[in-house]
Every structure is written in structure tokens, then in C-alpha cells.
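I have placed the structure first, in the form of C-alpha cells, so that the comments after it can refer back to it.
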Amino acid sequence: MVSTISGFSLILFIAAVASSISAAPSAALVGRKVFDVRSYGARGDGKTDNTMAFTKAWKDACQWKGLPRVYIPFGTFYLGAVAFTGPCKSRISFIIKGTLLAPKDPNAIKQDSWIIFRYVDYLTVSGGGILDGQGSYSWPLNNCRQTHNCRALPMNMGFQFVRFSRLTRIKSINSKMGHLNFFSVQHFDITRVNIKAPGDSPNTDGIKIGSSNHMKIHHVDIATGDDCIAILSGTFNLDINKVNCGPGHGISVGSLGKFKGEKSVQGLIVRNSIFNGTSNGVRIKTWPSPGEPNLVSNFLFKNLQMIDVQSPINIDQRYCPNPPCSFQSFSKIQIRDVKFQNIWGTSTAKEAVKLQCSKNVPCKNVQLFNINIVHRGRDGPATSVCENVGGWIGGKISPPSCIR
Ligand SMILES: *[C@@H]1O[C@H](CO)[C@@H](O)[C@H](O)[C@H]1NC(C)=O
């Protein structure tokens, strides 16, 4: 009796193992599915409006349980404004092999970015393709250098409320305003991305990040007309490694202190990067406004080469891009625990190291370690400027530090 039961359950056990072996691989094969935009009517002729086709392909892929991939083959795909919205049923890939072409007219895009991914987790955007914003048609309309109330033009690609995701091997060119926009994004890797627009194209920030955390930007080349990377309110734990920046305005934190409800920016590393022909290297900028108190802290800028950079190290708490500004008030933003280590190269302006902090809340614990920036000009060697800054120095410091 006992042996019969155990013999019976052994057979059941073998049957269960056998069925799981045969079922597992076929389930995975069924799960993997390509959603080629051409099967939804898309055409890579540079003229056909592919907005509907892309939207339908995304919707089907997003509902697929398994491993869906939206696939855009080689070719030039004209695309209007799109929002690829989740949540999706599974991890999802968006593979761009060809070129996506934006409308020339910015009025055709009534959202903050031309291509938006929103409320998606476990997304991969990759494929080696190109996002062409066709910005040269709208740059002449940009009057943001003349007026504060200028109209915002769309950025090339935006990620909003996206988590555990990555963007890799994509090129963004000639955006109307900025190229890549991240808002409320968590655990996101940007790698092997190439960003390109002329150095004199207006407001073409490379990567703009706000209210986001746990992001990595590695092996990224940025040549553009505004900040290579702009880090805004509410961003923490951001690791920037091996970035080439230039032309452009450098890597900036801020501007901060202009709007209500801004959050702190904490935990930033910028390392092993090259700034070539940029107006700034690494910069923290806050308005001299009587705004709300805020904190900027725990930054490390390490192993950075500056090639003909106007202002390689720049803390600017009297940020005023369009003078005249009122300097009656002082920034209420506390900057503290900021380290600059192993930064070398050349500056085109005499004041190579600028640490101009707020009279209201002086900078605390700013550290300089092994700085060697050379300025060659009739106006003499490089200098440092300090205002309201406390901290310490170590290693060799040139130009001589003014921190005391
Ligand atoms: C810096 O930029 C100049 C001008 O574009 C270029 O010729 C040079 O090779 C660049 N240097 C480095 C080290 O990338």
C-alpha cells in the first residue's frame, strides 16, 4: 500500500518535471514579439505622417505579455507629436534603426517634447537610430535671449514618470529647444548617446533632468548650443561619467531660486569627463532672488579636463543671464559639501575659478584638491575669485586658491 502510493507520486513527479522542461522554452518563444511599425502602415519615405502607425504599434506592444519590441527599421520616418504611454504589461523595447524626422513647424507639436514616454517601467530605447528635430527652421523664431517670456519650443524626446529603464545608442540632432528631457524619472541609465546641434543654436540643452533620482549618464558625447547637461530642482543621486561636452555651456546645476516649491539637489558626481571649447565647465547657478531657502549639497567633480573653457569652475549665486538684474537681495540657497578634485587644462578667461556664494547663506565645506588651470593671455595668468565661501584646499592648486 505504502509502496503503491509512493510509486504513483513518483510518476506524477516525473510527469511534472517533463512538462515543465518542455513548456518553459516554448513559453519564452511565444512571449517574444516584434511590432514592426511597417505592419501598421508606417513608411520610411521621409514624407508619410507615421504618427498613427507608431501610436498603434506602441499600444499593441504595450498590451503584450512577454517581451514586446516596437521596431523601426532603416529609413526616414516623418513623425508628428507622440506620447507613448504606459503602464505596459511587460518589459518593453523600442528599437530605432532609422531616422525619425520631426515636423519643421513647432506649432505642430502641442506638448513639451516631440516624442514622450510616460508612466512606463522597464523600458529600453535603443537601436543606433537618429532623432532629427529639424530645429534649424525654428531657431530664428527663438527670442529667449531678448525676453524672459519667450515661448518654449518642444524638446526632442521626453521621459516622464519612467522607472528602471534605459536609453542607449541613440543620436539626437538639431532639436528645436533641448534634446532629452527627464522629469520624475527613477533608476534610469543613459549610455552611448550622441547629441549634436550647432554651438550657436539657441537653448538647445543636451540633457535636462528635474525631480529625478538614481540616474547614470555614461559614455555620452554632447555638442550643442546650451548646457550639455542641466540638473534642476529635486534631483538626487546622479552619476555622470565619461562625458564629452563641447561646444556648449558645460554641466550646470540650476538655475535654482527662481520658482516656488523648488526642492534640493543632492548627491551629484561628475567624473572622467572632457570639456572642450565650452563657456563653462562645471557650474552651480542660483538667482539673486529673495526666493525660498533650499539646499545644494554633496557634490563631487573629479578628473575633469578643460580645453579652452571660459569658466572651468563656477559657483554663481548671482546668476543673471539677461542683465540688468536687481542685486538688492541675495540667494537663500545653501551650497555645501562640494569637492573639486583633479581638474586641469586651459581657460580662455582670466578668472578660471569662481566661487561666488551668497552673502545670505555662505557656501560651506567647498574643497579644492589638485587643480591646475592655465590661462594664456595679455591680461596675465589665471586667477581665483571667492565671495562668502568656506572650505579647505589640498594638493597643488593653480591658480592659487582664495578659500580661507
Ligand atoms: C577640441 O575641439 C576642437 C575643435 O572642435 C578639436 O579640433 C579638438 O580635437 C578637440 N580636442 C579634444 C581633445 O577633443
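Being a predicted model, the structure only gives us computed values, none of them experimental. In listed order, ligands and their atoms are each counted from 1. For this chain, numbers begin at 1 and follow the sequence in order.
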Exercise: identify the closest heavy-atom pair between Cys363 and Ile315 |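 Closest heavy-atom pair between Cys363 and Ile315: SG-CG2, 4.3 Å.
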
Partner residues of Phe161 under the ring-ring contact (aromatic ring centres under 6.0 Å, His included) criterion, sequence neighbours left out |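 Phe161 satisfies ring-ring contact (aromatic ring centres under 6.0 Å, His included) with Tyr119, Phe183 once adjacent residues are dropped.
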
Report yes if the distance between the aromatic ring centroids of Phe35 and Tyr71 is under 6.0 Å, otherwise no.
->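 No - the distance between ring centres of Phe35 and Tyr71 does not fall below the 6.0 Å cut-off.
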
Which protein non-hydrogen atom lies closest to atom 10 (C) of ligand 1, naming both residue and atom, and how far is it?
->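 Heavy-atom neighbour on the protein nearest atom 10 (C) of ligand 1: Asn276 ND2, 2.4 Å.
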
Might you check, step by step, whether the distance between atom 7 (O) of ligand 1 and some protein heavy atom is under 4.0 Å?
->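 Looking at atom 7 (O) of ligand 1, one finds that no protein heavy atom lies closer than 4.0 Å.
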
Under the 4.0 Å line, does any protein heavy atom show up next to atom 1 (C) of ligand 1?
->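 Protein heavy atoms within 4.0 Å of atom 1 (C) of ligand 1 - there is at least one.
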
From His218, His214, Lys216, residue fulfilling side chain to side chain donor-acceptor pair (under 3.5 Å) relative to Asp239 |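 Exactly one pass, corresponding to His218.
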
For ligand 1, which atoms, with element, lie under 4.0 Å from some heavy atom of Ile307?
->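 Within the 4.0 Å cut-off of Ile307, ligand 1 contributes 12 (C), 13 (C).
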
